[in-house]
Amino acid sequence: MKPLAEVSTHPPQDFGVTQEKRKQWILKLKIVRKDWQLYSLLLLPIIYLVIFKYIPMIGNIIAFRRFMPGGSIFGEEWVGFHYFKMFVNDAAFWHVFKNTLMLSSLTLLFVFPAPIIIALLLNEIKSTKFKKFVQTTSYLPHFLSMVIISGMILQLSASNGAINALIQFFGGKPILFMQDANWFRPIYIASEVWQTMGWGAILYLAALTNIDESLYEAAKMDGANRWKQTIHITIPGILPTIIVLLILNIGNLLAVGFEKILLIYNPLNYETSDVISTYLFRVGLQSSNFSYATAIGLFEAIVGLVLVYSANYFSKKFTDNGLW
């Protein structure tokens, strides 16, 4: 007679879930149960993201299928990469792609540093009243609607607008700004700086409050002036915030402001003002070529994703700061 099998002393199989992980999950559940009112505030934003961001992603399928108005929302027949080949061979697409890269590069070069400079200057102001006045006036453009901002741009740059009136006052000739393609980029960048620099400075001002004041006191004792304190203490202190926002801006490199450009551009300045988003609006909504527009939009999203991951990788490699 064979002996009975020995009882195994090994713990039962846990399918990869260790005791430590169980404890962590139990602790997290207790925290959520304790503060469920606070976590319930996430419900509406999550519902918004699911309905308006994630569910519409299903529609990207028509980039590979021929969509016919009145037919299936997922297209009528499979065409593969037909629409991708169309925009790769489309000279008009590469023209707007070049314009988009140019405007995005100028935005990174001039618009992105503006809030940092404003925050550093405000940090040096000693007068509380003057500091609040500057903050309030610089924040104000952010709260104006894009229609109002665009209307102001068109009025100021009109042939009989304030800018031309000032030019004529000093003996110059009026300039038709919005009819000249060469003026579109300077006008757009200047308006972006004016509109976003005050609001963007809020994040950097918040980051400045986290810098230890004892570092400045030690620097003063070592004989460092305000400029050296800014270079060696202030800027390194807000560098993580700068890196995170820079990565996010690089990810939106091809997503130049659609609303403003759509409201202020015209056929006379298409040469420099027409970008991917306005091109998509014309070929997608106005021409009802939805599959072609979806293919371009999907290409734009993939490029943005690659840029975010690349920027984060190099940031982690060289500065040890990143989004994740």
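In this text, all values refer to a predicted model and were calculated from it rather than measured experimentally.
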Exercise: do Ser287 and Tyr292 side chains pair donor with acceptor under 3.5 Å: no
Will you find, in the side chains of Asn99 and Tyr279, an N or O donor that is under 3.5 Å from an N or O acceptor? no
Evaluate whether atom CH2 of Trp194 has more than 12 neighbouring non-hydrogen atoms of other residues, nucleotides or ligands under 6.0 angstrom away. yes
Are more than 12 heavy atoms from other residues, nucleotides or ligands located less than 6.0 Å from atom CD of Glu271? no
Identify whether the distance between the nearest side-chain nitrogen and carboxylate oxygen of Glu76 and Arg66 falls below 4.0 Å. no
Pair Tyr265 and Phe184, ring centroids less than 6.0 Å apart: no
Backbone N or O of Ala181 within a donor-acceptor pair of the Thr272 side chain at under 3.5 Å? yes
Val256 vs Tyr188, side chain to side chain contact (heavy atoms under 4.5 Å, CB included): CA-CA, chis, key distance, verdict: CA-CA 11 Å; Val256 184; Tyr188 176 83; 3.3 Å; yes
Could you check whether any side-chain N or O of Thr196 sits under 3.5 Å from a backbone N or O of Glu192, counting only pairs where one atom can act as donor and the other as acceptor? yes
We want to know whether Lys220 and Gln229 form a side-chain donor-acceptor pair, criterion being a heavy-atom distance below 3.5 angstrom. no
Would a 4.5 Å heavy-atom cut-off, applied to side chains only, mark Phe112 and Thr107 as touching? no
Gap between atom NZ of Lys260 and atom OG of Ser277 - 0.5 Å precision: 12.5 Å
Side-chain heavy atoms under 4.5 angstrom apart, residues restricted to Ile, Leu, Val, Met, Phe, Trp, Tyr: same cluster for Ile149 and Phe143? yes
Neighbour count >12 (heavy atoms, 6.0 Å) for atom CD, Gln155: no
When rounded to the nearest 0.5 angstrom, what distance separates CG in Asp90 from NE2 in His95? 11.5 Å
Using every non-hydrogen atom in the two residues, find where Pro141 and Gln195 come nearest and quote the distance to one decimal. CB-CA, 3.8 Å
Using every non-hydrogen atom in the two residues, find where Gly75 and Ile62 come nearest and quote the distance to one decimal. N-CG2, 4.0 Å
Establish, yes or no, whether a centroid distance under 6.0 Å links the rings of Phe87 and Trp94. no
Flag side-chain contact, heavy atom, 4.5 Å: Leu285 against Phe290: yes
Leu239 CG to Thr234 OG1 distance, which is reported to the nearest 0.5 Å: 12.5 Å
Pairs of donor and acceptor atoms involving the side chains of residues 295-309, under 3.5 Å and at least two apart or interchain, shall be tabulated with distances.
none

Roughly how far, to the nearest 0.5 Å, is the OG atom of Ser157 from the CD atom of Gln179? 8.0 Å
Counting N and O atoms only, with roles assigned by atom type, does the side chain of Asn225 sit under 3.5 Å from a partner on the main chain of Trp227, one being a donor and the other an acceptor? yes
Just checking, Arg185 and Phe110: is the charged tip under 6.0 Å from the six-membered ring centre and within 45° of the axis? no
Any Met178 side-chain heavy atom under 4.5 Å of Leu268 side chain: no
In terms of hydrophobic clustering (I, L, V, M, F, W, Y; side-chain heavy atoms under 4.5 Å; direct or indirect links), are Ile243 and Leu248 co-clustered? yes
Hey, can you pull the donor-acceptor pairs under 3.5 Å for the side chains in residues 114-127, sequence neighbours left out?
residue : atom : partner : partner atom : Å
Glu124  : OE1  : Arg226  : NE           : 3.0
Glu124  : OE1  : Arg226  : NH2          : 2.9
Glu124  : OE2  : Arg226  : NH2          : 3.0
Ser127  : OG   : Phe130  : N            : 3.4

Heavy-atom donor-acceptor pair, Thr209 side chain to Ala206 backbone, under 3.5 Å: yes
Output yes when a side-chain donor or acceptor of Thr100 lies under 3.5 Å from a complementary backbone atom of Val275, and no otherwise. no
Quick one: do Leu280 and Met57 end up in the same hydrophobic cluster if we chain Ile, Leu, Val, Met, Phe, Trp and Tyr together by side-chain heavy atoms under 4.5 Å apart? no
In short, Leu215 meets Ile233 closest at the heavy-atom pair O-CD1, 3.3 Å
Report all side-chain donor-acceptor pairs from residues 36-52 shorter than 3.5 Å, counting only partners two or more places apart or in another chain.
residue : atom : partner : partner atom : Å
Ser40   : OG   : Trp36   : O            : 3.4
Ser40   : OG   : Gln37   : O            : 2.5

Suppose we call two aromatic rings close when their centres sit under 6.0 Å apart. Are Tyr83 and Phe64 close by that rule? no
Heavy-atom distance under 4.5 Å between the side chains of Thr294 and Phe67, does that happen here? no
Report the C-alpha distance between Tyr270 and Thr278 in whole Å, list the side-chain angles of each, state the deciding distance to 0.1 Å, and finish with yes or no for side chain to side chain contact (heavy atoms under 4.5 Å, CB included). CA-CA 10 Å; Tyr270 273 179; Thr278 54; over 6 Å; no
Let me confirm one number: the CD1-CD1 distance from Ile61 to Ile73, rounded to the nearest 0.5 Å. 11.5 Å
Co-membership, hydrophobic cluster, residues Leu176 and Ile153, 4.5 Å side-chain: no
Looking only at heavy atoms, which two atoms of Asn269 and Ile264 are closest? And how far apart? ND2-O, 4.3 Å
Please tell me whether Leu205 and Leu140 are part of a single hydrophobic cluster in this structure, the criterion being side-chain heavy atoms less than 4.5 Å apart. no
Please tell me if the side chains of Phe177 and Asn164 come closer than 4.5 Å, counting only heavy atoms from C-beta onward. yes
Spatial distance of atom CD1 (Ile163) from atom CD (Gln168) [nearest 0.5 Å]: 12.5 Å
Close side-chain approach of Lys98 to Met102, heavy-atom, < 4.5 Å: no
Contact between Asp180 and Trp183 at the side-chain level, heavy atoms closer than 4.5 Å - yes or no? yes
For His232 and Pro236 the tightest heavy-atom approach is O-CG, 3.4 Å
As a quick check of understanding, evaluate side chain to side chain contact (heavy atoms under 4.5 Å, CB included) for Leu103 and Ile261, giving each step before the final call. CA-CA 11 Å; Leu103 274 179; Ile261 295 176; 3.9 Å; yes
Can you give me the closest heavy-atom contact between Asp274 and Val96, atom names plus distance? OD2-CG1, 3.4 Å
Within the structure provided, determine whether Arg22 and Gln19 are in side-chain contact (heavy-atom separation under 4.5 Å). yes
Side chain to side chain contact (heavy atoms under 4.5 Å, CB included) between Val111 and Met197: does it pass, once the steps are laid out? CA-CA 7 Å; Val111 181; Met197 65 178 181; over 6 Å; no
